[in-house]
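Below: one structure, written as structure tokens.
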Amino acid sequence: MARQLMKGNVAIAEAALRAGLEAYFGYPITPQTELLEYLAQRMPELGRVFLQAESEIAAINMVYGAACAGARTMTSSSGPGMSLMQEGLSYIAGSDIPAVVVDVMRGGPGLGNIQPSQSDYFQVTRSAGHGDYHPIVLAPGSVQEAVDLTVLAFDLADHYRHLVILAADGLIGQMMEPCELPPMRPLPSSKPDYALTGAKDRPARRIASLYLKPEDGEAHNRKIQARLAQIRESEQRSVEHFTEDADFLVIGYGSAGRIAYSAVEAARAQGLRAGLFRPISLYPFPDIRLSQLLAQVEGCLVVEMNAGQMLEDVRLAAGHDLPVAFYGRMGGMVPTTEDVLSALKSAYSEFVAESAPVVGKVKG
Amino acid sequence: MSPIPMVPPAMEPVYQHPLALADVHTTYCPGCTHGIAHRLIAEAIDELGLRERAILVAPVGCAVFSYEYFNMDGCEAPHGRAPAMATGIKRCQPDQIVMTYQGDGDLASIGIGEAIHAASRAEPITIIFVNNAIYGMTGGQMAPTTLAGQKTTSSPAGRAIPIPGQPLHISELLAGLPGSAYVVRRSLHDAANIRKAKKAIVTALKVQMAGLGFSLVELLSSCPTNWGMTPPQALDWIKTNMLPIYPVGDYKIVEAAKQL
Amino acid sequence: MSRGTIRIDVDHCKGCTLCVSACPQEVIVINSEQVNGHGYHPAQLKEEEKHCTGCGICALFCPDACISVYREPMLHPAKEVGVWHGN
């Protein structure tokens, strides 16, 4: 397949179509809207369902309905929309049915701005609205990864009957990069066994997230937790560079991880044995591989476009004997390679015992 | 159902438990007209032969379990969002019959946005809107449809119009939208009105079957428990107090629906 | 007057009395000696059922669809009562 120059949002939309998206419901919000606009054009062309809802609240409940009907369904938004969709996400979570949600994160809190950010990390990884639940969360660092992870999102959602969130950010959504698109998949010929299609020649089916008796409520929650344990075991994904001989690790995902890569490259050129660990799955957090790497190094630096959220997961993985430094920009500011490099060098000199001579100590 | 004792052979059955109504004990209070509304829906579904094509979207409120009270596929929507959920189901399966069953707290308060936009989009779904002028499940609070001066647990001195707003007229509101094909208000307070309500539900489903657009049947209903009355007294209360404020009638019937 | 009768599913009856007050013949009462599995006194047809016409108004009001209605076939078919056999 030829590589095409595509805007992240558009690439995600086209990838979703090719992965078998049957019904999309969305609402305009920068920096995600091109995804909706593109599907407004393409979905009717393919005879599939597209509807711009009156709000994100309506959109996520239309997704819930479509999922109950057994359709591959998706919505996309940014931070403020994700906040509005929390109740709907929780009902989907409580009903054990699949759905894909794309969050193109932007500066917050509040109206914030339309600049890229990663400040929705807690909101998307810690739960889906109220109740004990974790969506599967995938974080692309490029337009190509956004394409690949969109297809993966649908497959994981269907396989686990689970909610999957693609956590991109304004940079990923807005930038254009060459990418290779997957082939168009045929739509599924049959509906899943839970689908509400009309009780013809079978008993009536019911989908709800309502468990009046607490015993039933707990039994249902145990089922979800067992599934999450399996997900944590088999769906951890990450990418790493320069880690073979690293004695210092930089950890960052999405755009922050990409910027950190350049900083690590520059540090290597200056003789610092730094490596990069870039989580792809934010939930399940890739702590298996990370723990192995942290055992090799003498310290690490977490780089995020927020006040330090994935930082907590790294601390959990690192335990209390490994020093963890943090560099973050907030409110839509994007760190520069130089910013990250100077933070890296000061942490490196502090944590790594006989660190290589560092030209010009720069206090971060 | 426990075995029905022998009926003299000469007698012929005139009425029996509808097929589309599940044979379960419901959570509704004794004498609550939700039960009558359920029965009428089930009879309409049976008569139109829709049981195997119909999908019901239940609300949050007293009727939250209604998806279990019909022998049809069903699901339960977040509070007020049933019309949006029904939209998702219907758009993916245009040939199926999709209904929502909502109370006045669910539709007229938190979910009024979804109801208006579903009607505005001429969404071919059927909404059964049960108006009993109160929040039942949570124990009797004021709803947007609560009458002036009506005492509830959250309007202890009586609803003091206009401070908490005026009684909301959903049928009139939605009838004004071009997308609405059939919007009527009926009542469940006496035999004649119950029969008219049944006919309206049948017509609303026919409107959906014919793809004429959005249909809604508002049913004036009772809440004996939270109104603090016996079931028969509650039906009288509908007649004397609710009827003048919420006149029954046909608020929108497009031409094509008149022949159904 | 054609003869009719009803059968009440006492398990599901909640003793709400809507049928009692709706019956034009006043032949339905609450059986306060009996308590069903849900703790309600169910409704029942009075002993001398000869006054029940099978009009079905009680079934029209029953919120729990407990009442089945039967009627002796009349020479001319009964006016459509609006309460028809479920299927």
Side-chain angles (χ1 to χ4, degrees), chain B residues 1-26 28-40 42-43 45-47 49 51 69 188-199 202 221-222 224 230-236, chain C residues 2-24 30 36-45 49-50 52-74 77-87:
Chain B
M1 206 153 65
S2 66
I4 296 179
M6 267 312 297
V7 168
M11 299 282 181
E12 283 172 3
V14 171
Y15 179 76
Q16 296 205 284
H17 191 286
L19 269 181
L21 197 63
D23 185 13
V24 294
H25 191 85
T26 69
Y28 300 119
C29 306
C32 170
T33 49
H34 267 305
I36 297 176
H38 279 42
R39 216 196 60 239
L40 297 182
E43 288 171 21
I45 292 284
D46 286 348
E47 282 162 38
R51 194 185 67 77
Y69 295 156
L188 299 176
H189 70 273
D190 65 20
N193 277 278
I194 292 174
R195 289 199 187 98
K196 288 194 194 111
K198 161 76 177 289
K199 286 196 172 65
V202 170
S221 297
S222 68
T230 69
Q233 286 167 345
L235 295 188
D236 291 340
Chain C
S2 79
R3 295 273 319 293
T5 189
I6 58 172
R7 286 297 177 264
I8 298 175
D9 171 2
V10 290
D11 289 340
H12 285 320
C13 173
K14 294 176 183 166
C16 76
T17 76
L18 283 184
C19 56
V20 175
S21 54
C23 174
I30 292 296
N36 70 12
H38 296 278
Y40 295 111
H41 294 301
Q44 78 172 32
L45 207 50
E49 357 172 318
K50 53 184 177 303
C52 171
T53 65
C55 70
I57 288 180
C58 54
L60 196 62
F61 275 90
C62 181
D64 295 281
C66 299
I67 301 175
S68 305
V69 184
Y70 303 84
R71 198 185 296 154
E72 275 182 9
M74 298 200 322
K79 183 169 66 53
E80 200 268 347
V81 177
V83 177
W84 275 112
H85 197 287
N87 39 18

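Below, chain A is the first sequence line, B the second, and so on; all start at residue 1.
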Side chain to side chain contact (heavy atoms under 4.5 Å, CB included) evaluation trace for Asp236(B) with His189(B): CA-CA 7 Å; Asp236(B) 291 340; His189(B) 70 273; over 6 Å; no
Side chain from CB out, backbone as N, CA, C, O: work out which of these in [X] comes under 4.5 Å of a heavy atom of chain C, or both, or neither.
X        : result
Thr26(B) : both
Ile45(B) : neither
Tyr69(B) : neither

N/O donor-acceptor pair under 3.5 Å between Thr53(C) side chain and Cys55(C) backbone: yes
No-hydrogen, no-angle side-chain donor-acceptor test under 3.5 Å, Arg3(C) and Thr5(C): no
Asp64(C) and His38(B): side chain donor to acceptor below 3.5 Å: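 No.
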Most contacts with chain C, counted as non-hydrogen pairs under 4.5 angstrom, among His25(B), His34(B), Arg51(B): His25(B)
Sequence neighbours excluded, every pair satisfying salt bridge (charged side-chain N to carboxylate O under 4.0 Å, His left out) that has a member inside residues 8-19 of chain B: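 Not a single pair qualifies under salt bridge (charged side-chain N to carboxylate O under 4.0 Å, His left out).
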Nearest atoms (heavy-atom pairs only) where Ile6(C) meets Cys58(C):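 So the minimum-distance heavy-atom pair works out to CG2-SG, 3.8 Å.
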Nearest-0.5 Å distance, NE2 of residue His17(B) to CG of residue Asp46(B): 10.0 Å
CG on Leu235(B) to OG on Ser21(C), rounded to 0.5 Å: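 Between atom OG of Ser21(C) and atom CG of Leu235(B) there are 7.5 Å.
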Members of residues 13-20 of chain C whose heavy atoms come closer than 4.5 Å to chain B: Lys14(C), Cys16(C), Thr17(C), Leu18(C)
